[in-house]
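What follows is a short report on a single structure.
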Amino acid sequence: MKVAAPVFEHHREPLGIGERRPRLSWRTGTDRPGWWQSAYEIELVDGSGTLTGGTGRVASDESVLVPWPGPELESRIRVGARVRVWDAEGRVSAWSPVAYAETGLLGRADWTARPIAPDLGIDPGRPQPVVLLRRAFHTRGPIASARLYVTALGVFQPELNGRPVGEDMLAPGWSSYHHRLRCLTYDVTGLLRDGENVLGAQLGEGWYSGRLGFHGGRRAVYGERPALLAQLEIVYADGSRETIATDERWQAATGPVIRSELYDGEEYDARLERTWHDTEGWGAVTELPLPHTGLESPPGPPVRRTGTLRPVEVLTTPAGRTVLDFGQNLVGRLRIRVKGAAGETVTLRHAEVLENGELALRPLRVAEATDRYTLKGAPEGERYEPLFTFHGFRYAQVDGWPGALDPSDIEAVVLHTDMERTGWFECSEPLVDQLHANVVWGMRGNFLDVPTDCLQRDERLGWTGDIAVFSPAATFLYDCSGMLSSWLRDLAAEQLARTDGAIPPLVVPDALPAGFPNAPTAIWGDSAVLVPWALYQAYGDRELLRTQWESMSGWADELERYVEQGGGLWRADFQFGDWLDPAAPPENPGAARTDPDLVANAYTAHTAAVMAQVADLLDEPEHARRYAQLAARVRAAFADEFVTPGGLLSSDAQTAYTLALRFALLPTARQRERAGERLVEIVRRAGFRIGTGFAGTPLICDALTLAGAPEIAYRMLLETGCPSWLYPVTMGATTVWERWDSMLPDGTMNPGEMTSFNHYALGAVADWLHRTVAGLGEAGPGRRKLRIAPVPGGGLTHARAVHESPYGRCEAGWERDGDTLTVTAVVPPNTTAVVELPDGKPAFEVGSGTHTFTVNGFTTPTWPPTPIRHPFAAPEDTSGR
Ligand code: RAM
């Protein structure tokens with residue numbers, strides 16, 4: 001038995017945490033099968049390692065998010081914790097290593113610094129230059145430790161003595177600045193030196209005052225003047241303290257960055273560089289009052305550089321341009337090494353795809369996605385990477401490069417929230433593996449501080465509906481507990497600040513352009529319930545449900561009102577519905593085959609049912625009863641309005657049947673059976689092409705599996721014609737697209753106004769790959785209990801999924817050899833799994849350890865299933881694979 005160092009809350013790097021009572025989680029490694037923790041003991045130590053308290057032996061099998069055993073923490077406190085555990089036989093483990101955490105500034109009164117904004121006469125109506133802010137000071141002796149507490153209205157990069165502080169990018173990220181501003185903590189002990197020091201920061205507009213949103217967007221959504229708030233606290237070896245805080249003693253100047261915008265890119269003139277020690281040419285700053293917004297420590301990780309890619313090919317386009325192909329659609333920017341004469345300008349233009357051999361710029365709409373670097377003429381060459389911008393791209397056009405371009409002088413830097421990867425999948429079909437890789441890349445690019453979309457165009461907004469459907473897959477692939485719980489705080493703050501009801505905004509943080517009302521709509525609104533629910537399933541964090549309760553129940557109560565008004569059903573003029581159904585015309589993505597009212601009410605019944613469970617968990621029996629009633633009422637009205645007694649649905653479409661089956665909206669066995677058959681018929685008639693948008697896509701394979709037709713789900717999964725999941729893969733996609741046909745089969749762009757090549761919503765099918773194809777699902781929150789239930793099929797010979805749960809490594813997979821099926825499962829210590837083998841026998845439970853099960857005489861239905869084709873229809877390739 002070996003216990004790993006405990007984890008504080010959801011922090012991988014617990015410096016500057018905001019929790020006064022951080023919960024602790026630990027994992028035990030052991031070879032003993034069926035291992036169960038019977039007791040634990042936690043010891044706390046102070047910053048110097050001296051024991052300060054402990055729990056003694058606590059008889060409990062809890063090992064995830066265990067309540068804080070010490071006194072409430074104050075600001076700037078460093079604490080350590082270690083754990084030991086007892087097994088079921090009463091044997092005790094060794095102590096785990098000590099894990100340390102340190103709190104940030106927890107109260108407003110801790111801030112003596114005041115935000116400062118430069119007095120440089122900058123026109124706030126136009127893209128602003130990046131401003132340099134500095135303060136020189138002298139240290140007065142040997143230093144024991146130093147911390148920098150810092151945030152900005154805008155985006156910042158702190159520098160101490162000319163060296164960047166930390167590796168965070170675009171800090172403090174994008175939150176609902178009117179409500180919450182996240183403050184970062186850095187250990188800068190090693191960056192200080194004897195004598196004169198210069199603390200500085202680069203400050204850009206970012207989301208705070210730069211252009212945001214589509215249709216031209218808006219500037220200054222939060223304010224016109226970016227400002228920096230920084231507090232350097234030095235503890236000297238003699239115990240004395242000194243604080244260097246932003247105030248009117250700081251100085252400001254512009255530097256080489258003429259503008260740096262999220263959508264349009266950065267313009268950098270290296271001839272304008274200055275050093276922090278320059279004393280000439282600095283102007284004054286204005287001290288501003290501490291903003292009214294909450295000053296918080298971040299619950300999740302920052303955005304960082306998470307990788308680099310080299311060009312795989314240098315292309316010369318028909319127009320004679322030089323274009324680099326990085327072989328992967330990614331989010332980030334370029335880093336270059338260049339040598340040339342002062343004043344020469346290199347232009348880097350980014351795009352996701354090529355059309356007719358040139359950069360396809362139309363999908364970018366009015367995002368310029370262009371960085372410009374003007375050389376200073378350094379004889380040894382110069383290096384450049386923009387700081388406060390990012391682009392969604394696979395290709396980059398390089399203009400004005402001095403001399404011959406050596407591709408090794410340019411690399412792509414990948415940026416996103418620095419989450420820990422926790423989920424993997426592979427199977428015997430390479431195209432499906434590529435689809436899964438595309439889902440992972442799509443998630444990477446679109447998890448850039450907020451769960452967002454369309455990193456290439458003038459949008460990049462936290463659309464709530466997208467994450468509502470993608471969060472089950474997301475929480476499997478990466479540990480997004482911290483990032484998404486942070487985002488949910490923004491959602492709650494903005495939702496609950498509304499005066500017209502507790503309706504979550506369509507995008508969080510709310511930055512919709514003028515003229516786009518935040519009207520209530522299913523799925524997007526349901527994100528208030530479905531995202532915390534997915535997080536609870538994945539991480540077992542019940543406190544999160546409590547924190548979100550007001551937001552969750554606020555939305556559920558809204559739904560109850562709509563249903564009351566509609567006499568049992570929510571009837572609204574506006575719904576996004578089954579957004580981006582492939583049959584919807586390019587210019588009208590909401591014109592889906594499934595009635596938007598049907599979609600809305602199906603999701604309403606589901607959301608209400610989830611809320612009944614949440615209320616139960618939180619010991620709110622009154623609410624639990626009310627939400628269960630709401631679910632029942634909507635179900636009954638749904639059956640009455642949208643379902644025939646025989647089991648057909650008023651919209652005879654894939655999504656309609658999917659939702660009715662998956663959300664248990666069909667009262668009679670006869671209806672359920674017929675609906676399942678009908679879904680199969682529709683799919684066979686469609687030649688196994690997908691016919692679902694955002695609402696149906698995540699669930700159609702589940703619905704087919706539930707209907708006893710997994711081979712039809714497999715056949716859809718393996719279809720390569722347009723539209724299908726694999727069609728983009730066959731077109732060379734390396735991310736999931738926004739539309740099923742963002743690129744048309746002839747290689748041209750979809751003419752619609754929204755044509756992103758990097759979007760996660762349609763990749764939600766990965767959840768089915770994990771849970772059903774590989775068979776790694778959950779039967780209890782936090783995966784305390786796994787559900788190992790693989791459904792082999794589709795001619796695949798093996799599949800496997802791996803996930804790092806809060807308890808440890810989980811695995812499920814199978815291999816097929818003729819009619820012998822071997823299923824393997826890894827169940828982490830202190831958990832169990834219910835196993836449902838595809839042998840028709842009852843499910844059974846197993847404890848932790850590695851398990852192998854053999855099913856002899858295993859058969860699947862005849863493969864491949866046949867399409868239903870009209871004898872007079874033109875022949876079409878529906879062979880799939
Ligand atoms: C587009 C995108 C986004 C979606 C909205 C409704 O901007 O497709 O993902 O949520 O529309």
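In this chain, numbering begins with 1 at the start of the sequence shown. Side chains are part of it too, since the values below use all heavy atoms of this structure and drop only hydrogens, waters and symmetry mates. Source: prediction; values computed, not measured. Start at 1 and go down the list; that is how both ligands and their atoms are numbered.
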Output the list of atoms in ligand 1 that are nearer than 4.0 Å to some heavy atom of F576, sorted by atom number. 6 (C)

May I ask you to say whether E738 pairs ionically with R457, meaning some side-chain N is under 4.0 Å from a carboxylate O? yes

Does the ring centre of F638 sit less than 6.0 Å away from the ring centre of F663? no

Are F390 and F388 an aromatic pair, judged by ring center distance below 6.0 Å? no

Where does the angle between the aromatic ring planes of W737 and F757 fall among parallel (under 30°), tilted (30 to 60°) and perpendicular (over 60°)? perpendicular

Which ligand 1 atoms are under 4.0 Å away from a heavy-atom of R457? 7 (O)

Centroid separation F576 to W524 less than 6.0 Å: yes

Go through ligand 1 atom by atom and flag the ones less than 4.0 Å from a non-hydrogen atom of E459. 1 (C), 7 (O)

Just jot down the ligand 1 atoms closer than 4.0 angstrom to any heavy atom of H759, in number order. 2 (C), 3 (C), 8 (O), 9 (O)

For E719, is there an ion pair with R689 - N to carboxylate O distance below 4.0 angstrom? yes

Which atoms of ligand 1 are found less than 4.0 Å from any heavy atom of E738? 1 (C), 2 (C), 8 (O)

Check this for me, if you would: do D371 and R349 make a salt bridge, where the nitrogen-to-carboxylate-oxygen distance has to be below 4.0 angstrom? no

Heavy-atom proximity to atom 9 (O) of ligand 1 ranks first, among D466, L762, D453, for D466

Numbered atoms and elements of ligand 1 in range of F694, under 4.0 angstrom, heavy atoms: 9 (O)

Tell me which protein heavy atom sits closest to atom 1 (C) of ligand 1, plus the residue, atom name and distance to 0.1 Å. M754 SD, 3.5 Å

Ligand 1 contact on W579 by region, counting heavy-atom pairs under 4.0 Å: side chain

